[in-house]
2 protein chains.
Amino acid sequence: MSDRNRSEGGEGPPRARRRRGAELEEAVYTAALEETAELGLPRVTMEGIARRAGTAKTSLYRRWSSPEDIVLGALYRIHPVEQPSPGADDLRGDLIAALTLMRDAMVQPVYGLVMSSLLSEAQRRPDLHERLYAEVFDARGGRFTRTVLQHYADHGRVDPARLTPVVVDIGEALLIKYGIDAMEVPDDDYIAAIVDQAILPAIGHGPQQPADSAD
Amino acid sequence: MSDRNRSEGGEGPPRARRRRGAELEEAVYTAALEETAELGLPRVTMEGIARRAGTAKTSLYRRWSSPEDIVLGALYRIHPVEQPSPGADDLRGDLIAALTLMRDAMVQPVYGLVMSSLLSEAQRRPDLHERLYAEVFDARGGRFTRTVLQHYADHGRVDPARLTPVVVDIGEALLIKYGIDAMEVPDDDYIAAIVDQAILPAIGHGPQQPADSAD
DNA sequence: TTGATAAGCTACGGGAACGTTTCTAATGGG
DNA sequence: CCCATTAGAAACGTTCCCGTAGCTTATCAA
């Protein structure tokens with residue numbers, strides 16, 4: 001614990017090199033997310049990030065002014081971007097695809113934990129809530145099933161009157177609650193069950209098959 | 001700020017008295033919840049609780065050994081207990097009542113914030129997750145719509161095959177997500193919309209009236 | 001090759017919370 | 001009324017992080 005230039009901290013290559021610019025930034029973002037995932041946002045410190053990234057506090061303060069700034073920047077990078085569904089004709093399939101995209105994002109070991117910590121902090125810090133939705137969610141368009149349902153409504157395949165605020169949130173809500181309860185991410189069967197047992201009935205496309213998977 | 005016996009800290013009666021036993025415990029629990037609501041669990045400290053409760057650290061360590069112990073104890077006290085629905089015959093009304101109970105619990109200024117912080121911490125601390133569910137949720141039976149749906153299924157008024165894990169979670173999931181997104185608790189119309197637009201369709205009791213409230 | 005720039009290292013004083021110890025004094029039961 | 005019990009006050013050394021400063025050295029472009 002005395003000679004911190006030896007690659008002993010855990011990850012770096014046996015660094016005689018000195019990283020700069022984008023490379024360093026990348027390492028810092030990665031470290032920031034790992035710190036947040038392990039400790040939770042309130043315990044993330046500049047010193048901790050610097051330690052984990054194998055850099056110096058000074059280098060962090062040169063670019064950012066708080067741990068929070070770093071974490072938000074890092075989060076922006078890994079937030080999933082939803083590819084616009086091509087004018088497809090498979091509502092069920094597209095809903096499953098949208099939830100799967102969200103699920104796969106959550107399954108990145110850090111993503112779910114970071115999100116959970118951020119959202120919790122945001123509950124009591126309106127400024128952070130604002131930044132999170134403005135700089136990450138809205139900036140990235142991560143609205144998942146809402147986008148899909150809207151698309152099909154626009155093409156007359158779903159009754160637009162059914163797309164209430166409640167209905168467009170069903171999928172994400174169940175995914176989130178599953179994550180909270182189970183501390184892990186649901187499998188494909190559960191996602192299919194969400195679509196078949198909750199979303200489709202709500203938009204009047206009744207349960208095609210009673211589908212007793214995920215029981 | 002020098003004479004801390006004057007009722008200057010904010011709440012206590014101009015205390016010459018000295019609280020003990022249950023009375024003191026009560027004050028500590030209240031302080032712990034307020035601290036958690038304001039700062040989030042990770043920033044709750046023994047010193048902070050003591051300060052807010054107007055007592056001494058020594059008195060806290062006499063009974064508890066960590067801020068977390070205090071918060072969990074406090075949470076147990078305020079977790080809502082669901083009164084068993086009498087053999088009623090109003091599924092929709094009972095579902096609304098169950099969600100309203102949960103909503104009203106969340107609306108206690110501290111409850112929602114404390115929960116959110118606890119759940120977030122629990123995501124990365126299996127021991128805490130375990131304690132939270134064991135000592136609070138399960139111990140208190142707070143399962144809300146699940147209980148109602150089960151009741152009606154037992155009496156043959158709901159198809160038991162429809163009560164999948166997904167379906168019994170719809171209501172709570174939507175309530176939680178609303179809280180996260182809006183940073184406040186939904187009104188009665190929104191709860192009715194959840195029941196009419198999401199839960200009832202999922203159990204095959206189609207939307208009685210398209211009910212375009214909460215639109 | 002040289003020189004400006006950016007990265008890394010060390011150290012600083014300040015603050016907050018830790019968990020414990022020692023002591024004083026209020027409280028309520030006997 | 002007295003005294004065992006329990007609350008409260010104060011101080012302790014320790015640890016961690018803060019934000020900044022002064023310096024050395026690696027890196028890249030001109």
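Order of the sequence lines fixes the chain letters, A, B, ..., with proteins taken first and strands second; residue numbering starts at 1 for each chain. All values below come from the heavy atoms of this structure, side chains included, with hydrogens, waters and symmetry mates left out.
- Below the 3.5 angstrom threshold, one finds a donor paired with an acceptor across the side chain of B:T58 and the base of D:dA9.
- One atom, CG of B:L24, and another, C1' of C:dA26, lie 13 Å apart when rounded to the nearest Å.
- Between C:dA7 and A:R63, a contact under 4.0 Å exists linking OP1 or OP2 to a side-chain N or O.
- Remark: C1' of D:dT6 and CD of B:E25 are 14 Å apart, rounded to the nearest angstrom.
- B:L60 has its CG atom 13 Å from the C1' atom of C:dA17, to the nearest Å.
- Ring pair A:F137/A:Y133 is perpendicular by interplanar angle, where above 60° counts as perpendicular and below 30° as parallel.
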Take A:T164 and A:V167 through the test side-chain contact (heavy atoms from CB on, under 4.5 Å) and record every step on the way to the result.
CA-CA 5 Å; A:T164 62; A:V167 168; 3.4 Å; yes
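- Judged by atom type and distance alone, A:K57 reaches the base of D:dG19 through a side-chain donor-acceptor pair under 3.5 Å.
- For B:R19, no side-chain nitrogen or oxygen approaches OP1 or OP2 of C:dA26 to under 4.0 Å.
- Under 4.0 angstrom from either OP1 or OP2 of C:dG8 there lies at least one side-chain N or O belonging to A:S59.
- Once rounded to the nearest 0.5 Å, the distance linking OG of B:S59 with CD of B:E25 reads 12.5 Å.
- Considering only side-chain atoms of A:Y61, the nucleotide from D:dC17, C:dC9, D:dC18 that sits closest is D:dC18.
- In the set C:dC18, C:dA7, D:dA7, C:dA7 carries the atom at the smallest distance from any side-chain atom of A:R62.
- One atom, CG of A:D69, and another, P of D:dC18, lie 13 Å apart when rounded to the nearest Å.
- Of the candidate nucleotides D:dG8, C:dA17, C:dT10, C:dA17 has the atom nearest to the side chain of B:E47.
- Contact annotation for B:G48: no contact, since no heavy-atom pair falls under 4.0 Å across all strands.
- Between the side chain of B:H129 and the backbone N or O of A:I180, at least one donor-acceptor pair lies under 3.5 Å.
- Computed from coordinates, the B:I49 CD1 to C:dA16 P distance equals 18 Å when rounded to whole Å.
- A heavy-atom distance below 4.5 Å is found between the side chains of B:L175 and B:P186.
- Using a 4.0 Å heavy-atom criterion, one finds that B:R43 contacts no nucleic acid atom at all.
- Distance from the side chain of A:T45 is smallest to D:dC18 among C:dA7, D:dC18, D:dA7.
- Checking D:dA9, C:dC9, C:dC18 against the side-chain heavy atoms of B:M46 singles out C:dC18 as nearest.
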